[in-house]
Amino acid sequence: MRRRNLYFVYPLIVFILLVLLFPFFVMVSTALKPLEEVYATPPHWIPRTIRWANFGDIWAKYPMGAYFKNSFIVALGATLVNMAFCIPAAYAVARLRFRSKSFIMYLILVVQMFSPIIVVISLFKIIARLGLLNTLLSLILTNSVFTLTFSIWLLGGYFRNVPKEIEEAALIDGCTRLQAIVRVLLPVAMPGVVTTIIYTFITAWNEFMFALTFIQSMDKRPLTLGLYNFIGRWTVQWQYLMAAALLALLPVVILFFFIERELVHGLAGGAVKG
Amino acid sequence: MRRGKFWKTESGLAFFFLLPACVFLLLFMFYPIVYVILMSFFKVNKLGDLVGFFGFGNFRFMFDRPEFWQIIVRSCVWTALAVAVKTGIGLVIALLLNVDFRGRKVARGLVIIPWASSVPISAMIWQWTYNNDFGLLNHTLRTLRIFGEPPIWLAEPRSAFFANLWVDIWCGIPFMALVFLAGLQAIPQELYEAAEVDGATPFAKFRFVTLPLLSNVLTVATLLSILWTFNDFNVIYVLTGGGPGTSTDILITYIYKYAFQYLRFGPAAAMAVITFVILLTVSILYARSYFKGGGVY
């Protein structure tokens, strides 16, 4: 649309942004306050003394190092497992012809929407029987399963957009199918691979319900569960929780900006491709 | 490709490539679903072992409790209200971001942040924000005199429901806004110009150009949003844990409560099966409208 009558846009946008970012202002404000200002009535927005030490204290007072490490192991492990299954499957649905393919694609899209809650009851039994309760491996497995279908969907879309001729040329030049995939297709489709990796990593990093169900001991908790356990103690040190939340959110929020467009297109499909 | 051995054919290769993913999904997704369905028809002890066939006993147990029906109604109200508001606000934001103003890219980036943020952690931040004495929400509402005396959000059933609902809406707005924005940008500019030549008012352009061309995006996004909203476990669990009592539980949190707090796995499995059927129906509708909007594969 042309630039005219723009005077109504700015106040509206500013109002919407103030509402949408409200809790993040709260988070930053609280994370920088000393204890007595956190529990001041009435509360105030701008800290009178800025206490950067909150960000240092949380590492000493809570096992933040372990939380970060666990989240990282789970997210990385889930990503690796996911990609190992996802790359060949995405290649098959994008490149190869086989019977009942459209049915399988349909199934993948439907399964992608299932809530983990439906299966968590029985999954709990299965994880227990495998002896995996209270292990990070249980989270790696469940997170990679529940991201797999959408990953296949996302990556398959990328593979399909790479011209078939590039691969055929490699095959004619004497590459095996596997070499053609690894040396030709994957480098060309690298943006897609990266998007899928980031998607899986973020989803596993943010996961809460499986961790809540499968993990008991303090030293195995990922960030989401670890931070949740800040609350529910007798007194909550909100300035510490907000400082920890800020650190936990920062990496994934930044990563998310690289994939948001692909996520929107992957989820809404042809409807937004114009 | 050469003929002969199975794995040298194209469908043979496809089979090999799909096999690992399929086995993985069968083991950790389909088998658990089948197991839950089985559980729902059995008596299950507190350890989660099947101890005897129960027919529809678990289902009847739930159906006989008035609380269960309250939760069904609440889940429907929850989903309907949240999706309606997300769609409305999302559409408004999309229309605003579609205007070519200075700083639009920055605004778009900032709008995304609630979606980019981790839902359980956002819910924790909101819990602090809602705090009556020290929280900045009620402080702001008092200062701006929007509420004479704002409710103690998480303490009382009705306000706690709306407090939960708002956080769910807040998480869902960015996706709706972005998807509608992508849909708006796919509408050819010529159509608006043609409408202008015909003397259409801005409202007429919206009603007769934008809305019809956006209808497919609207359907897909709304169905997705219904699935996500109905499934929103994190917000309610972190904010109120379904409390006070079970006054803010929806089906999905109630299942979890029944299984892992009351250790009544049978009734929990029965509710999971009911949820499964509901989700399956909406998912199929979603998949249909997804493929309708320019089928891929």
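The chains referred to below are lettered A, B, ... by the order of the sequence lines, with proteins before strands, and numbering in each begins at 1. Bear in mind the structure is a predicted one, so any value in this text is a computation, not a measurement.
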Item to check | Heavy-atom proximity to chain A below 4.5 Å, by part of Leu227(B) | outcome: side chain
Checklist entry - Side chain, backbone, both or neither: which part of Pro120(B) has a heavy atom under 4.5 Å from chain A? => result side chain
Next on the checklist: Within the structure provided, determine whether Ile121(B) and Leu227(A) are in side-chain contact (heavy-atom separation under 4.5 Å).
Outcome noted: yes
Checklist entry - Which answer fits Trp45(A), side chain, backbone, both or neither, if we ask what part of it has an atom under 4.5 Å from a heavy atom of chain B? => result both
Next on the checklist: Between Ile13(A) and Phe101(B), does the side-chain contact (heavy atoms from CB on, under 4.5 Å) criterion hold? Intermediate values first, please.
Outcome noted: CA-CA 11 Å; Ile13(A) 280 286; Phe101(B) 63 90; 3.9 Å; yes
Checklist outcome for this item: Note: Leu21(A) and Leu110(B) closest approach over all heavy atoms is CD2-O, 3.7 Å
Checklist entry - What part of Leu20(A) lies closer than 4.5 angstrom to a heavy atom of chain B: side chain, backbone, both or neither? => result both
Checklist entry - Can you tell which of Ala259(B), Ala116(B), Pro174(B), Ala123(B) has the highest number of heavy-atom pairs within less than 4.5 Å of chain A? => result Ala116(B)
Next on the checklist: Report which part of Phe124(A) has an atom under 4.5 Å of a heavy atom belonging to chain B: side chain, backbone, both, or neither.
Outcome noted: side chain
Checklist entry - So, do Phe146(A) and Phe28(B) have ring centers that fall under 6.0 Å from each other? => result no
Checklist entry - Does the side chain of Trp205(A) come under 3.5 Å of the side chain of Ser118(B) through a donor N or O and an acceptor N or O? => result no
Checklist entry - Is the shortest heavy-atom distance from the side chain of Phe233(B) to the side chain of Ser115(A) under 4.5 Å? => result no
Next on the checklist: Quick one, Ile255(B) with Ile121(A), criterion side-chain contact (heavy atoms from CB on, under 4.5 Å). Give me CA distance, side-chain angles, the key distance, then yes/no.
Outcome noted: CA-CA 9 Å; Ile255(B) 293 172; Ile121(A) 304 166; 3.8 Å; yes
Checklist entry - Looking at Gln127(B), Arg142(B), Met124(B), Met271(B), which has the largest count of heavy-atom pairs under 4.5 Å with chain A? => result Met124(B)
Checklist entry - Quick one: what part of Met29(B) sits under 4.5 Å from any heavy atom of chain A, side chain, backbone, both or neither? => result both
Item to check | Engaged part of Ala40(A) at the chain B interface, taking heavy atoms whose separation is under 4.5 Å | outcome: backbone
Next on the checklist: I'd like to know whether the aromatic ring centres of Trp170(B) and Phe22(A) sit less than 6.0 Å apart in this structure.
Outcome noted: no
Checklist entry - With distance as the sole test, does Glu10(B) use its side chain to make a donor-acceptor pair with the main-chain N or O of Arg97(A) at under 3.5 Å? => result yes
Next on the checklist: I need the residue from Phe265(B), Tyr256(B), Trp228(B) with the largest number of non-hydrogen atom pairs under 4.5 Å to chain A.
Outcome noted: Tyr256(B)
Checklist entry - For Leu130(A), is it the side chain, the backbone, both, or neither that has a heavy atom closer than 4.5 Å to a heavy atom of chain B? => result side chain
Item to check | Ser29(A), part contacting chain B, at a heavy-atom distance under 4.5 Å | outcome: side chain
Checklist entry - Atom CD1 in Ile118(A), atom CG in Asn231(B): separation rounded to 0.5 Å? => result 6.5 Å
Checklist outcome for this item: Rounded to the nearest 0.5 Å, the OG atom of Ser283(B) sits from the CG atom of Leu109(A) at a distance of 8.5 Å
Item to check | Ring centres under 6.0 angstrom apart (Phe230(A), Trp128(B)) | outcome: no
Item to check | Part of Ile87(A) lying under 4.5 Å from any heavy atom of chain B | outcome: neither
Checklist entry - Would you say the side-chain atoms of Ser11(B) pair up with the backbone N or O of Phe98(A), donor to acceptor, closer than 3.5 Å? => result no
Next on the checklist: Within this structure, what is the CZ-CZ distance for the pair Phe276(B) and Phe114(A), rounded to the nearest 0.5 Å?
Outcome noted: 4.0 Å
Item to check | Part of Leu137(B) lying under 4.5 Å from any heavy atom of chain A | outcome: both
Checklist entry - Between atom CG of Leu267(A) and atom OH of Tyr290(B), what is the distance when rounded to the nearest 0.5 Å? => result 7.5 Å
Checklist entry - Quick check: does any side chain N or O of Lys125(A) sit under 3.5 Å from a backbone N or O of Leu47(B), one acting as donor and the other as acceptor? => result yes
Checklist outcome for this item: Interatomic distance, CG@Leu18(B) vs CG@Leu96(A), rounded to 0.5 Å, equals 8.0 Å
Item to check | Residue pair Ser122(A), Tyr31(B): steps toward the side-chain hydrogen bond (donor to acceptor under 3.5 Å, both in side chains) verdict | outcome: CA-CA 9 Å; Ser122(A) 51; Tyr31(B) 172 61; over 6 Å; no
Item to check | Which atoms of Phe30(B) approach chain A - backbone, side chain, both or neither, heavy atom under 4.5 Å | outcome: side chain
Checklist outcome for this item: Bottom line for Val38(A): the part with an atom under 4.5 Å from chain B's heavy atoms is both
Checklist entry - Are any non-hydrogen side-chain atoms of Tyr228(A) and Tyr237(B) less than 4.5 angstrom apart? => result yes
Checklist entry - Do Arg102(B) and Tyr10(A) touch side chain to side chain, with heavy atoms closer than 4.5 Å? => result yes
Next on the checklist: With chain A as the partner, which of Trp115(B), Trp126(B), Tyr35(B), Phe175(B) has the greatest number of non-hydrogen pairs under 4.5 Å?
Outcome noted: Trp115(B)
Item to check | Residue part contacting chain A, namely of Phe24(B), when any heavy atom lies under 4.5 Å | outcome: both
Item to check | Toward chain B, the part of Tyr106(A) with a non-hydrogen atom under 4.5 Å | outcome: both
Checklist outcome for this item: Checked Val252(A), Leu241(A), Leu141(A) vs chain B; the most non-hydrogen pairs under 4.5 Å come from Leu141(A)
Checklist entry - What distance do Arg177(A) atom CZ and Leu13(B) atom CG have between them, rounded to the nearest 0.5 Å? => result 5.5 Å
Checklist entry - With a 4.5 angstrom heavy-atom cut-off, which part of Arg104(B) approaches chain A: side chain, backbone, both or neither? => result neither
Next on the checklist: If I measure from the heavy atoms of chain B, does Leu212(A) come under 4.5 Å with its side chain, its backbone, both, or neither?
Outcome noted: both
Checklist entry - Quick one: what part of Met242(A) sits under 4.5 Å from any heavy atom of chain B, side chain, backbone, both or neither? => result side chain
Item to check | Toward chain A, the part of Ala107(B) with a non-hydrogen atom under 4.5 Å | outcome: both
Item to check | Region of Thr140(B) that comes under 4.5 Å of a non-hydrogen atom in chain A | outcome: side chain
Checklist entry - Given that the side chain runs from C-beta out, which part of Thr213(A) has a heavy atom under 4.5 Å from chain B: side chain, backbone, both or neither? => result both
Item to check | Toward chain B, the part of Ile202(A) with a non-hydrogen atom under 4.5 Å | outcome: neither
Item to check | Proximity breakdown for Ile252(B) and chain A, heavy-atom pairs closer than 4.5 Å | outcome: both
Checklist entry - Contact part of Arg261(A) toward chain B, heavy-atom cut-off under 4.5 Å: side chain, backbone, both or neither? => result side chain
Checklist entry - Of the listed residues (Val167(B), Leu27(B), Asp49(B)), which shares the most heavy-atom pairs with chain A below a 4.5 Å separation? => result Asp49(B)
Item to check | Check: Ile16(A) and Ile89(B) side chains under 4.5 Å, non-hydrogen atoms | outcome: no
